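A quick write-up on the structure given underneath.
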Amino acid sequence: MPADYRSMFDIKWIRENPEAFDLAIQRRPGQTAMSSQLIELDHKKRIAETLAQEIKTKRNALSKEIGVAKALGKDVAHIIAKVSESKNAQVSAEMEAITAKAELNNVLADLPNLPLEDVPDGVGEEDNVEIRKWGEPRAFDFVPKDHVDIGERLGMMDFETAAKLSGARFVMLKGGLAQMERALGNMMLNIHTRDNGYTEVNPPALVNDASMFGTGQLPKFGQDLFKVESGHWLIPTAEVPLTNIIAGHLVDAEQLPQRYTAMTWCFRSEAGAAGKDTRGMIRQHQFSKVELVSITTKDASSLELERMTRCAEDILERLEIPYRTIVLCAGDMGFGARKTYDIEAWLPSQGAYREISSCSVCGDFQGRRMNARYRSKKGIKESQFVHTLNGSALAVGRTLIAILENYQQADGSVAIPRELQHFMGGLEVLEPVQ
RNA sequence: GGAGAGGUGGCAGAGUGGUCGAAUGCGGCGGUCUUGAAAACCGUUGAACCGCGAGGUUCCGGGGGUUCGAAUCCCUCCCUCUCCGCCA
């Protein structure tokens, strides 16, 4: 990463509130109190910058003198000699300032975002807190199968062929299930664009380093991503291109919020997930997802998280799939999040709720990284960094799993949720292929 | 892939080595006029950083170079546009 990438924390704030910073950062696993280290690096940086500035001030003044003297036809050789003398000192002072800045930024770039105060403490998923529940898990009069058995019996879910073509953690859907995936995406996008005010986007699936840095995948999590030979990265979520739409912009507050949705393929290397969810299509290298991204002001972001989460929950309610919503504890949140709600759909085969959506508010963390700002009032000079949010609504593959498992029937067929039937040409049930 | 033209403030668009951080227009802000608004007119208005302040530093696509001095000259990369070729 270039050294001049913006840091994601307000170092001035850390300087003024070191205890608060340390308390907050330590709620993250593996993080230690480090405000004193940061403040020291910052101090070093500012000393170096000041020195470099002083030297440059002198040089600039002399150079200007030369210009004036030359215009008057005077001899300038002695002034030029004077400037040349200080050249070495200037170069080394500049180098020192650049190095000091890079040192500080390198430390800051690896730090996760600070949890909001109302986020529960905890180190892992066992500390997450359920906040609401919707729907009654269905009572089966037979032993419910898992989505792999259901899909293969339908003759519409083929892991073997996908493995032949690509390897582990890929699947090939066929016939009715391929159609259902498309229908689900269509239904979700229709709802988000027509009812929820999101603008549909069809973004690039390959992005550059800067975009990945902006949303926080880089520099720390390159091993979770796929990279292609040209140097591009395959997006792990549409959050990356959608959020980066605002990168580098300075907008008026009236232009916010901006709400974007997209269905894209998501690509994840799943490094470090060895042995986890190996069966079936819960954890794949490639999956499709309908993503929501909101770009808001500081004051609006907390409410926007509630709104976004409701948009995601609404999809499950329309599909009549039981779910629960939990708030993640500080230790279980993603790198860039300040607060996260996970929505978990009921999976009868596991007798458990499993993640199908994750909605997060990132505060100004990403806004800082991508230098995206807004003016709070027209005519007011001061700008602030935008606040960003992202959420899945929903992960399409996992939604398909939830439908298969919740709507399965004893004879191996699968009923199609009422609201989805319209998107499948009126089809009401998927029957096994003979 | 070949040939050419470009990338400058919130936006548009001048500027080809020395008070240029940058003309002008739009937009924004303040005012005059108006019952109010619009129009017109006058004034004002780039950003980030350092500093208590005075003030200073950086920024004209990214990076490097030449020079006492670079928006301006050189190298390199990226992007956009036009034409040609190829192609879903």
Side-chain angles (χ1 to χ4, degrees), chain A residues 1-16 38-39 41-105 108 202 204-214 228-233 241 244-256 258 295 297 364 367-386:
Chain A
M1 283 302 113
D4 63 337
Y5 266 109
R6 310 181 67 87
S7 61
M8 48 306 309
F9 290 110
D10 184 355
I11 190 70
K12 265 190 205 165
W13 182 85
I14 295 175
R15 227 187 286 151
E16 286 158 14
L38 292 172
I39 290 169
L41 284 171
D42 175 56
H43 183 67
K44 209 173 129 193
K45 184 199 97 170
R46 286 185 302 150
I47 298 278
E49 276 180 344
T50 303
L51 181 67
Q53 275 187 23
E54 281 170 5
I55 293 174
K56 281 186 188 175
T57 304
K58 283 181 196 158
R59 183 206 66 180
N60 288 348
L62 285 174
S63 288
K64 246 176 195 177
E65 259 181 54
I66 293 171
V68 174
K70 259 193 164 174
L72 295 171
K74 292 182 183 167
D75 178 54
V76 295
H78 65 289
I79 315 182
I80 290 178
K82 212 167 155 190
V83 186
S84 302
E85 270 174 39
S86 64
K87 189 95 184 181
N88 283 342
Q90 181 201 320
V91 169
S92 72
E94 268 173 16
M95 283 304 299
E96 215 165 294
I98 289 169
T99 307
K101 194 175 174 186
E103 272 179 47
L104 175 63
N105 276 351
L108 287 172
N202 195 339
L206 289 166
V207 300
N208 57 25
D209 288 0
S211 297
M212 285 297 188
F213 182 87
V228 299
E229 269 189 52
S230 62
H232 291 101
W233 303 87
N244 275 286
I245 288 173
I246 199 71
H249 285 302
L250 170 57
V251 300
D252 289 325
E254 293 89 283
Q255 294 174 259
L256 302 175
Q258 291 180 18
I295 295 151
T297 62
D364 65 5
R368 285 179 181 277
R369 292 174 85 103
M370 59 180 75
N371 191 24
R373 294 166 297 146
Y374 70 97
R375 290 190 212 276
S376 50
K377 269 187 189 160
K378 285 212 167 181
I380 300 281
K381 286 186 180 180
E382 289 74 37
S383 62
Q384 306 186 59
F385 292 105
V386 299

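For the numbers below, each heavy atom of this structure counts, side chains included, while hydrogens, waters and symmetry mates do not. This structure is a prediction, so every number in the text was calculated from the model and none was measured.
The side chain of A:K56 lies closest to B:rU58 when the candidates are B:rU58, B:rG56, B:rC49. Of the candidates B:rG18, B:rA48, B:rC50, the closest approach to any side-chain atom of A:S383 belongs to B:rA48. Considering only side-chain atoms of A:R46, the nucleotide from B:rU57, B:rA48, B:rC50 that sits closest is B:rC50. Residue A:N60 has its side chain nearest to B:rU58 when only B:rU58, B:rG56, B:rG18 are considered. Ranking B:rG10, B:rU57, B:rC49 by closeness to the A:T57 side chain, first place goes to B:rU57. Ranking B:rG69, B:rA47, B:rC49 by closeness to the A:R373 side chain, first place goes to B:rA47. Here B:rC68 is the nucleotide among B:rU57, B:rC50, B:rC68 with the atom lying nearest to any side-chain atom of A:V83.
Comparing the P positions of B:rG30 and B:rA37 gives a spacing of 12 Å, expressed to the nearest Å. Atom C1' of B:rG46 sits at a distance of 16 Å from the matching atom of B:rG25, rounded to the whole Å. One P atom belongs to B:rG1, the other to B:rC20, and the distance between them is 43 Å to the nearest Å. Atom C1' of B:rG4 sits at a distance of 48 Å from the matching atom of B:rG55, rounded to the whole Å. Spacing of C1' atoms, B:rU8 relative to B:rU24, comes out at 14 Å, to the nearest Å. Comparing the same atom, P, in B:rG9 and in B:rU72 gives a spacing of 15 Å after rounding to whole Å. For the P atoms, the distance linking B:rA71 with B:rC81 amounts to 28 Å, nearest Å. One C1' atom belongs to B:rC77, the other to B:rA40, and the distance between them is 50 Å to the nearest Å.
Between A:E94 atom CD and B:rG65 atom P there is a gap of 10 Å when expressed in whole angstrom units. Per the geometry, CD1 belonging to A:I98 stands 10 Å off P belonging to B:rG63, to the nearest Å. Taking atom CG of residue A:L62 and atom C1' of nucleotide B:rG18, one finds them 14 Å apart after rounding to whole Å. For A:K70 and B:rC68, the NZ to P distance is 10 Å, given to the nearest whole Å. Between the CG atom of A:D209 and the C1' atom of B:rG63 there is a distance of 15 Å, given to the nearest Å. Distance CG (A:L51) to C1' (B:rU58): 16 Å, rounded to an integer number of Å. Distance, A:I66 CD1 to B:rC68 P: 8 Å, rounded to whole Å. One interatomic measurement links the two molecules: CG of A:D42 to P of B:rC49, which rounds to 12 Å at whole-angstrom precision.
No donor-acceptor contact under 3.5 Å links the side chain of A:K64 to the base of B:rG18.
Under the Watson-Crick and G-U wobble criteria, each requiring two contacts below 3.5 Å, nucleotide B:rG6 is paired to B:rC79. Base pairing analysis places B:rA14 opposite nothing; no Watson-Crick or G-U wobble pair with both distances below 3.5 Å involves it. B:rG27 is paired with B:rU45 under the criterion used here, namely a Watson-Crick or G-U wobble arrangement in which both key atom distances are under 3.5 Å. Within the shown strands, nothing qualifies as a pairing partner of B:rC52 under the Watson-Crick or G-U definition with both distances less than 3.5 Å. Judged by Watson-Crick or G-U wobble contacts below 3.5 Å, the nucleotide B:rU32 has B:rA40 as its partner. Shown here, B:rC73 forms a base pair with B:rG65; the pair counts as Watson-Crick or G-U wobble because both key distances fall under 3.5 Å. Pair check for B:rC86 finds none; no Watson-Crick or G-U wobble contact set falls under 3.5 Å. If you check B:rA22 for Watson-Crick or wobble pairing at under 3.5 angstrom, you find it has no partner at all.
Close to B:rC50, at under 4.0 Å from its OP1 or OP2, lies a side-chain N or O of A:R15. Residue A:R375 places no side-chain N or O under 4.0 Å from the OP1 or OP2 atom of B:rC29.
Using modelled atom types, no side-chain atom of A:D364 and backbone atom of A:F385 make a donor-acceptor pair closer than 3.5 Å. Side-chain N or O atoms of A:N208 include one that pairs as donor or acceptor with a backbone N or O of A:S211 at under 3.5 Å.
A cation-pi arrangement is present between A:R369 and A:F213 under the rule of less than 6.0 angstrom and at most 45 degrees off the ring axis.
Taking CD of A:E254 as the reference point, atom CG of A:L256 lies at 9.0 Å (rounded to 0.5 Å). From A:E103, atom CD reaches atom CG of A:L38 across 12.0 Å, with rounding to the nearest 0.5 Å. Here the straight-line distance linking atom CZ of A:R368 with atom CD of A:Q384 works out to 10.0 Å at 0.5 Å rounding. To the nearest 0.5 Å, atoms CD1 (A:I246) and CG (A:N371) are separated by 11.0 Å.
When the nearest nucleotides of RNA chain B are assigned to A:E49 and A:A52 by heavy-atom distance, the more 5′-ward of the two goes with A:E49. For the pair A:I80 and A:Q53, nearest-nucleotide mapping onto RNA chain B gives the more 5' position to A:Q53.
For A:R46, the side chain to side chain donor-acceptor pair (under 3.5 Å) partners are A:D42, not counting sequence neighbours.
Residue A:K12 is in sugar-phosphate contact alone, with no base atom involved, counting any heavy-atom pair closer than 4.0 Å across all strands shown.
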